[in-house]
J.: 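Quick one: the structure is below, and I'll ask about it shortly.
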Amino acid sequence: MPKEIVGLDKPEVRFVWDEGDEDTWPARDLRILCTCAHCQSEMTGERLLDPASVPADITVTHMELTGNYGVNVHFSDGHSSGIYRFAQLK
């Protein structure tokens with residue numbers, strides 16, 4: 001679990017880990033990686049989201065922790081159903 005997450009209303013999100021390491025993700029990359037049922041088929045794993053439909057200037061509007069394993073991210077395009085596991089982001 002990160003000790004700090006910074007990125008509200010920004011085009012990128014920075015994760016600061018306990019070990020002092022940091023990872024920075026462009027908001028657009030996070031949005032494209034979403035694995036919710038709207039973005040990726042639950043049955044086949046096929047990507048349903050067309051990356052070309054994600055605005056270049058997308059930002060993060062809200063974030064909330066999901067247990068001790070991930071973060072739910074809300075985006076400026078209205079999408080908010082994705083959960084990003086910390087293991088995936090590190």
Side-chain angles (χ1 to χ4, degrees):
M1 185 166 184
K3 66 180 188 178
E4 184 177 22
I5 304 172
V6 180
L8 291 181
D9 298 320
K10 297 183 186 276
E12 61 186 26
V13 180
R14 183 172 50 95
F15 296 88
V16 180
W17 307 99
D18 284 334
E19 305 81 24
D21 296 334
E22 294 185 13
D23 289 299
T24 301
W25 287 83
R28 187 170 189 278
D29 288 357
L30 286 175
R31 176 67 181 89
I32 290 170
L33 287 174
C34 182
T35 59
C36 80
H38 296 284
C39 297
Q40 181 174 317
S41 171
E42 293 180 85
M43 300 300 281
T44 66
E46 176 188 359
R47 296 296 302 160
L48 304 174
L49 174 68
D50 177 5
S53 70
V54 179
D57 61 349
I58 196 168
T59 60
V60 172
T61 59
H62 179 75
M63 291 182 280
E64 56 194 27
L65 293 177
T66 303
N68 288 325
Y69 67 90
V71 61
N72 172 246
V73 180
H74 298 225
F75 296 94
S76 58
D77 69 350
H79 189 72
S80 62
S81 57
I83 296 173
Y84 299 84
R85 294 180 174 272
F86 296 134
Q88 174 189 18
L89 299 171
K90 187 171 183 185

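Heavy-atom basis, side chains included; hydrogens, waters and symmetry copies ignored. Note that the coordinates shown come from a computational prediction; the quantities given were computed from them, not determined experimentally.
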J.: Might you confirm whether atom CZ of R85 has over 12 heavy atoms from other residues, nucleotides or ligands at distances under 6.0 Å?
T.: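 Incorrect, the count does not exceed 12.
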
J.: Would you find a donor on one side and an acceptor on the other, under 3.5 Å apart, between the side chain of R28 and the backbone of D57?
T.: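 Checked: no pair found.
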
J.: For the side chain of W25 and the backbone of E12, is there at least one donor-acceptor N/O pair under 3.5 Å apart?
T.: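 Side chain of W25 to backbone of E12, a donor-acceptor pair under 3.5 Å: no, none is there.
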
J.: How close do G82 and C34 get, counting heavy atoms only, and between which atoms?
T.: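 Nearest pair, atom of G82 first, then C34: CA-SG, 3.5 Å.
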
J.: With a 6.0 Å cut-off (strictly less than), is the heavy-atom count around CG of D18, excluding the residue itself, greater than 12?
T.: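 Above 12, so yes.
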
J.: A quick test of your reading: do over 12 heavy atoms of other residues, nucleotides or ligands sit less than 6.0 Å from NE2 of H38?
T.: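 Not more than 12 within 6.0 Å, no.
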
J.: Taking S80's backbone N and O only, do any of them form a donor-acceptor pair with N72's side chain (distance below 3.5 Å, no angle check)?
T.: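 Confirmed, N72 side chain pairs with S80 backbone.
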
J.: Do M63 and V6 sit in the same hydrophobic cluster, where Ile, Leu, Val, Met, Phe, Trp and Tyr count as joined when their side-chain heavy atoms come under 4.5 Å apart?
T.: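 Result: no, two separate clusters.
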
J.: Which atom pair, heavy atoms only, marks the closest approach of F15 to P2?
T.: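 Of all heavy-atom pairs spanning F15 and P2, the closest is CD2-CG, 4.1 Å.
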
J.: Between I58 and L49, is there shared hydrophobic-cluster membership here, with clusters defined by ILVMFWY side-chain heavy atoms closer than 4.5 Å?
T.: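 Looking at the clustering, L49 is in the same group as I58.
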
J.: Only one of V16, V60, L65 clears side chain to side chain contact (heavy atoms under 4.5 Å, CB included) with I5; which?
T.: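 Looking at V16, V60, L65, the match for I5 under the side chain to side chain contact (heavy atoms under 4.5 Å, CB included) is L65.
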
J.: Please check this pair: side chain of S76 against backbone of T59, looking for a donor-acceptor N/O pair closer than 3.5 Å.
T.: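 Present.
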
J.: Determine whether more than 12 heavy atoms belonging to other residues, nucleotides or ligands lie under 6.0 Å from atom CD of E42.
T.: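 It does not: E42 CD has 12 such atoms or fewer within range.
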
J.: At what distance, to the nearest 0.5 angstrom, does NE2 of H74 lie from CG of L8?
T.: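 Rounded to the nearest 0.5 Å, the NE2-CG separation comes to 10.5 Å.
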
J.: Do M1 and Y84 sit in the same hydrophobic cluster, where Ile, Leu, Val, Met, Phe, Trp and Tyr count as joined when their side-chain heavy atoms come under 4.5 Å apart?
T.: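 M1 and Y84: one cluster.
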
J.: Does K90 qualify as a cation-pi partner of W17, given the criterion of NZ or CZ under 6.0 Å from the six-membered ring centre and within 45 degrees of its axis?
T.: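 Yes, a cation-pi geometry.
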
J.: Looking at Y69 and F86, would you say the former's side chain and the latter's main chain have a donor-acceptor pair under 3.5 Å?
T.: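 Judged by distance alone, no pair lies under 3.5 Å.
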
J.: Main chain of S41, side chain of T44: is a donor-acceptor contact present, judged purely on distance under 3.5 Å?
T.: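 No, because the side chain of T44 does not come within donor-acceptor range (under 3.5 Å) of the backbone of S41.
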
J.: So which heavy atom on G45 is nearest to which on Q40, and how close?
T.: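 Smallest interatomic distance, heavy atoms only, reads O-CG, 3.4 Å.
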
J.: Assigning hydrophobic clusters by single linkage (Ile, Leu, Val, Met, Phe, Trp, Tyr; side-chain heavy-atom cutoff under 4.5 Å), is L33 placed with L48?
T.: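 No, it is not one cluster - the side chains of L33 and L48 are not joined through contacts under 4.5 Å.
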
J.: Sub-3.5 Å donor-acceptor pair from the side chain of R47 to the main-chain atoms of I32, do we have one?
T.: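 At least one qualifying donor-acceptor pair exists.
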
